[in-house]
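Here the structure comes first, spelled out in structure tokens, and everything after it is commentary.
Proteins come first, then strands; the chains are lettered A, B, ... in the order of their sequence lines, and each starts at number 1.
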Amino acid sequence: MKIATWNVNSVRARSPRVISFLERTKVDVLGMQEIKCKPEQFPYADFEAIGYKVIAHGLNQWNGVAFAYRAELEPQDLELSFSAQPSFKDVVEARAIGATFNGVRIWSLYVPHGRGLDDPHMEYKLEFLDRLASDTAEQLEENPDLELCLMGDFNIAPLDSDVYDLSLFETHISEPERQAFEAFEQIGLTDTVRDLVPNQYTYWDYKDLCFPKNNGMRIDFCLTSEALTERVVGASIERDERKGEGPSDHVPVVLELSD
DNA sequence: ATGGTAGTCGAACTA
């Protein structure tokens with residue numbers, strides 16, 4: 001089984017590229033972030049034409065998360081938010097979608113950006129991560145054998161080597177953000193991709209020729225529970241997806257699991 | 001010297 005995460009930065013603008021990625025890699029489940037549309041605006045037909053089904057969760061032109069999965073799979077226990085997911089300006093935004101595929105519990109997550117160290121959005125970001133970790137810890141306590149993957153755009157660079165120039169950033173690298181990320185490791189999750197694919201960014205800003213200069217960041221992750229980590233047999237960061245016409249500013253992160 | 005990217009929506013906001 002192959003699973004992947006990708007911040008597509010508008011699925012309507014990116015549909016041809018997402019489709020060719022699915023055809024090329026044949027991933028079973030793709031968790032998307034920043035679909036930037038409501039479910040009724042999602043380009044379902046493109047996905048159905050190549051044998052995939054879609055579950056989309058979007059409230060407006062911002063944020064939005066979704067799953068595309070091979071049509072023969074039957075997702076179970078769908079959730080459009082995690083337990084006690086915080087709201088921003090009284091709205092629980094479309095930043096999380098969870099479902100179980102072939103017994104593997106998968107969450108596609110778009111963690112709030114933060115905007116600035118003293119911005120209310122940063123408090124929102126930290127609370128989002130804190131509650132996500134608490135909810136996940138609770139599930140793992142109930143069922144230590146749970147095969148779980150939290151995948152998505154975490155908007156955090158956990159290590160200094162995850163940023164091309166530390167001096168240019170305040171958010172994404174701050175101590176509170178990094179502690180919030182480490183909390184997931186403390187409850188037993190592992191960033192499995194890091195060992196298999198070291199020294200590879202997942203995001204390059206559109207501005208200032210960042211991609212040609214390899215001025216990027218590693219902020220997209222697949223965090224696996226102990227039971228699922230045992231099944232990881234391969235991983236890739238699809239750097240080539242940043243090339244060519246009309247790329248997203250993020251590339252897919254792929255995890256291969258044994259059967 | 002300025003604006004320098006991309007998306008949504010149709011001015012300004014988000015990243």
>> What is the distance, to the nearest angstrom, from the CZ atom on A:F88 to the P atom on B:dT14?
In response: 8 Å
> Which part of the nucleic acid, if any, lies within contact of A:Y110, taking any heavy atom under 4.0 Å across all strands shown: a base, the sugar-phosphate backbone alone, or nothing?
Replying inline: sugar-phosphate
> Distance under 6.0 Å and angle within 45° of the ring axis: does A:R70 meet both against A:Y52?
Replying inline: yes
> Over how many whole Å does the gap from A:Y206 atom OH to B:dA6 atom P extend?
Replying inline: 7 Å
>> Taking side chain to side chain donor-acceptor pair (under 3.5 Å) as the criterion, tell me which of A:N63, A:N9, A:N7 meets it with A:E34.
In response: A:N7
>> Less than 6.0 angstrom separating the ring centers of A:F88 and A:F128, yes or no?
In response: no
> Between B:dA6 atom P and A:D208 atom CG, what is the distance in whole Å?
Replying inline: 11 Å
> Separation of A:Y203 atom OH from B:dA15 atom P, in whole Å?
Replying inline: 11 Å
> Are A:R105 and A:E79 within salt-bridge range, i.e. N to O under 4.0 Å?
Replying inline: yes
> Is a side-chain donor-acceptor pair under 3.5 Å present for A:Q139 with A:T136?
Replying inline: no
> Closer than 4.0 Å, any side-chain N/O of A:R14 to the OP1 or OP2 of B:dG7?
Replying inline: yes
> Can you tell which of B:dA6, B:dT8, B:dA15 lies closest to the side chain of A:Q61?
Replying inline: B:dT8
> Roughly how many Å is it from CG in A:N9 to P in B:dA6, rounded to a whole number?
Replying inline: 10 Å
> Between atom CG in A:N60 and atom P in B:dG10, what is the gap in whole Å?
Replying inline: 12 Å
>> Please compare A:D153 and A:P247 by the position of their nearest nucleotide in DNA chain B and report the one closer to 5'.
In response: A:P247
> Relative to the 5' end of DNA chain B, which residue comes earlier, A:R115 or A:V11, by the nucleotide with the nearest heavy atom?
Replying inline: A:V11
> For the pair made of CG in A:N63 and P in B:dT8, what is the distance, rounded to whole Å?
Replying inline: 14 Å
>> Using atom C1' in both nucleotides, what's the gap between B:dG10 and B:dA6 to the nearest angstrom?
In response: 16 Å
> For A:W62 and B:dG7, what is the distance between atoms CH2 and C1' respectively, to the nearest whole Å?
Replying inline: 12 Å
> When you check the phosphate oxygens OP1 and OP2 of B:dG7, does a side-chain N or O of A:R12 lie under 4.0 Å from one of them?
Replying inline: no
